[in-house]
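What follows is one structure encoded as structure tokens, with my remarks underneath.
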Amino acid sequence: MDSHYAARKKVLLFSLVTFCTFYNCYASVVNASQTAWLSVNVSDSRVRKIPHTMFGLSFEEINHSGAGGLWAELVSNRGFEAGGQNIPSNISPWSIIGDKSSILVSTDRSSCFDRNKIALRMEVLCDGNGRNICPAGGVGVYNPGFWGMNIEQGKTYKVTFYVRSLQPMEMSVSFVDSNGLRTLATADITDGNVREWTKKEITLEAKGTDANSRLQLTTTKKCTVWLDQVSAMPLSTHKGHGFRNDLFNMLADLKPGFIRFPGGSFVEGEWLVNAFRWRESIGPWEERPGHFGDVWQYWTDDGLGYFEYLQLAEDLGALPVWVFNNGVSRSEQVDTSIILPFVRDILDALEFAKGDPTSKWGSVRASMGHSEPFDLRYVAIGNQDCGNKNYHGNYMKFYDAIKGAYPDIKIISNCDGSVQRLDDPADLYDFHVYTNANSMFSMAHNFDHTSRSGPKAFVSEYAVTGNDAGRGSLLKALAEAGLLLGLETNSDVVEMASNAPLFVNANDMRFTPDAIVFDSSKVYGTPTYWMQHFFKDSNGATLLNSKLQPSSLTSLLASVISWNNPEDNRSYLRIKVVNFGSSGVILNVSINGMDQSSIEAAGSTITSLTSQNVMDENSFNQPKKVAPITSPLGKVSNKMNVILAPHSLTCIDLLRKSNFIEAVASEDLHTSI
Ligand code: AHR
């Protein structure tokens with residue numbers, strides 16, 4: 001038995017004994033030194049519908065989340081623009097195959113694309129015969145992608161590039177392993193006349209697998225050849241939309257109510273010139289200039305652009321929340337007196353997303369394959385910009401223009417409305433919290449005393465950071481679970497919440513910890529990712545009135561929801577409890593207004609997220625060391641004793657008899673608790 005399996009088995013045994021009915025309690029197994037009571041009143045009319053948008057995702061182009069991550073493009077710096085528009089330019093991570101006796105590589109500004117003029121020039125000095133014979137395999141260039149391309153046997157890849165040559169072209173396009181010795185797929189392309197820029201597109205089927213492959217373009221023929229916009233895409237992406245399947249599925253499994261994009265500080269830029277610009281990120285991918293994200297210090301070709309973000313939201317069944325730059329970067333601000341062109345730019349973007357296909361920008365969207373408008377209902381004016389001198393002035397210009405053109409769009413302000421009224425009108429206000437575990441857990445009560453009228457909160461970035469968090473500890477996840485239980489309880493004033501950052505490429509761990517870790521071929525969820533699974537059915541569910549006692553036991557937090565599962569069309573009662581303390585707790589649960597006969601034992605479960613050490617983390621070697629474990633409840637009762645392990649998150653799902661109709665949830669009652 002390997003150690004991973006052994007560890008899992010231990011946790012499983014542990015969690016199997018954490019549940020017991022009232023008369024058969026396994027209190028002796030876990031040292032439960034404390035006792036608490038949770039009472040739920042199912043027939044209490046003081047219930048609340050949790051917003052459908054309550055829990056979602058915050059996607060930022062950070063840590064190579066998109067470029068080299070969710071966006072499946074394998075080539076990094078496909079247009080050779082990353083070194084800047086001046087020549088000579090740095091072509092990294094491209095490398096040269098051959099030495100100076102056989103090939104000279106440089107950049108010039110001869111591209112056929114107006115917005116990205118840099119092209120690669122290769123002067124091949126060697127030949128197939130004569131005095132300077134090319135080395136076996138030829139000379140040329142290769143691209144290692146983002147720390148290696150994942151090429152898999154039997155899978156097909158579309159390679160596209162633009163080429164021009166003074167002589168007839170003979171080129172090999174190949175995927176090879178990391179040291180260039182083993183060819184995984186190859187094709188020869190010849191063309192007698194490529195004197196003008198010509199697009200070449202081929203499909204390669206891999207005959208071998210290597211997660212650290214590279215793409216190379218080589219020749220054994222003396223020539224002068226230019227290359228530009230070299231792309232390699234796996235054919236199998238989510239719906240063919242360009243999203244890496246495994247990473248997309250991780251997101252879809254969370255059933256997100258919304259997805260915020262593309263940042264974060266990525267939206268702001270350190271300098272305005274480097275901020276994300278929607279207009280530069282739409283249209284044919286070859287024509288996009290790309291940009292250097294100077295906050296997170298890497299180049300993106302902007303294959304994942306404004307259109308693709310909207311498509312991603314649609315594919316996830318989540319509402320898009322677009323965060324746009326309001327003329328404020330981290331080191332620079334546009335004066336309100338000259339902000340109008342920026343405002344017009346955003347109105348164009350909204351027309352692109354929402355306009356009729358016959359409108360100017362709606363027609364551009366339609367030409368990209370989406371004639372129906374996207375369901376864009378939320379926009380955020382900036383990211384973390386409230387304290388900036390020009391924010392208020394700029395904000396009002398954007399606010400008035402957007403509300404004038406699109407009165408239904410909900411506008412999110414960067415200013416914190418949780419403690420005092422906002423100075424400016426807004427539908428929601430953005431709230432970010434990065435702190436240690438204890439403070440995060442206490443944040444569960446942050447909105448208890450917030451005014452019940454006025455804009456709603458969007459907790460768009462929350463995370464435990466620092467020593468408590470490691471690279472994604474159980475402790476981090478439990479503290480964050482505490483926050484989310486508090487947000488559920490306060491879902492009359494909190495409309496949305498998302499953890500941040502969402503993704504990290506293991507080769508660029510710039511901002512850690514994150515919810516999902518990946519490399520070119522593998523992915524795992526940190527405990528924070530798994531914690532969010534406990535909340536994924538809360539969107540649109542009914543929050544029931546519950547009471548946890550004694551109130552002095554501050555390390556416990558709970559919430560109870562009633563929800564309908566569309567997959568089996570059944571109704572469930574879900575009790576979630578986080579034990580943030582280091583002692584086990586006997587929790588006496590009593591459910592009033594529901595007798596035992598209305599619960600089905602088969603189908604009722606208990607799920608627990610815990611581990612032997614509160615600082616335990618997941619890794620590529622042990623991807624599910626800390627992950628939820630679900631067991632059947634066996635006996636069910638409306639009076640139960642549950643033993644909560646120290647440092648654990650527990651979820652009890654009670655399946656209601658099939659004749660139960662979830663009237664409350666479907667009627668959308670607004671009675672406040
Ligand atoms: O989530 C990482 C960063 O933290 C975001 O870009 C920024 O909004 C916050 O400071």
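As a basis for the values below, the full set of heavy atoms in this structure was taken, side chains included, without hydrogen atoms, waters or symmetry mates. Counting from 1, the numbers follow the sequence of the chain as shown. As the structure lists them, so they are numbered: ligands from 1, and atoms in each ligand from 1.
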Just jot down the ligand 1 atoms closer than 4.0 angstrom to any heavy atom of G264, in number order. 5 (C), 6 (O), 8 (O)
Please determine whether a side-chain nitrogen of the Lys or Arg among K476 and D468 lies less than 4.0 Å from a carboxylate oxygen of the Asp or Glu. no
Does G263 have a heavy atom less than 4.0 Å from any atom of ligand 1? no
Between R260 and N383: side-chain donor-acceptor atoms closer than 3.5 Å: yes
Has K403 got a side-chain atom pairing as donor or acceptor with I409's backbone, closer than 3.5 angstrom? yes
Just let me know how W296 lines up against ligand 1, side chain, backbone, both or neither, with a heavy-atom cut-off below 4.0 Å. side chain
Just let me know how N383 lines up against ligand 1, side chain, backbone, both or neither, with a heavy-atom cut-off below 4.0 Å. side chain
Does K522 make a cation-pi contact with F620 (under 6.0 Å, within 45 degrees of the axis)? yes
For F258 together with F458, are the ring centres under 6.0 Å from each other? yes
Y434 and ligand 1 - part of the residue with a heavy-atom distance under 4.0 Å: side chain
Name the closest protein heavy atom to atom 8 (O) of ligand 1, giving the residue it belongs to and the distance to 0.1 Å. E461 OE2, 2.8 Å
Side chains of S329 and E268: do they bring a donor and an acceptor to under 3.5 Å? no
If you compare Q384, E60, R330 by their heavy atoms, the one closest to atom 6 (O) of ligand 1 turns out to be E60
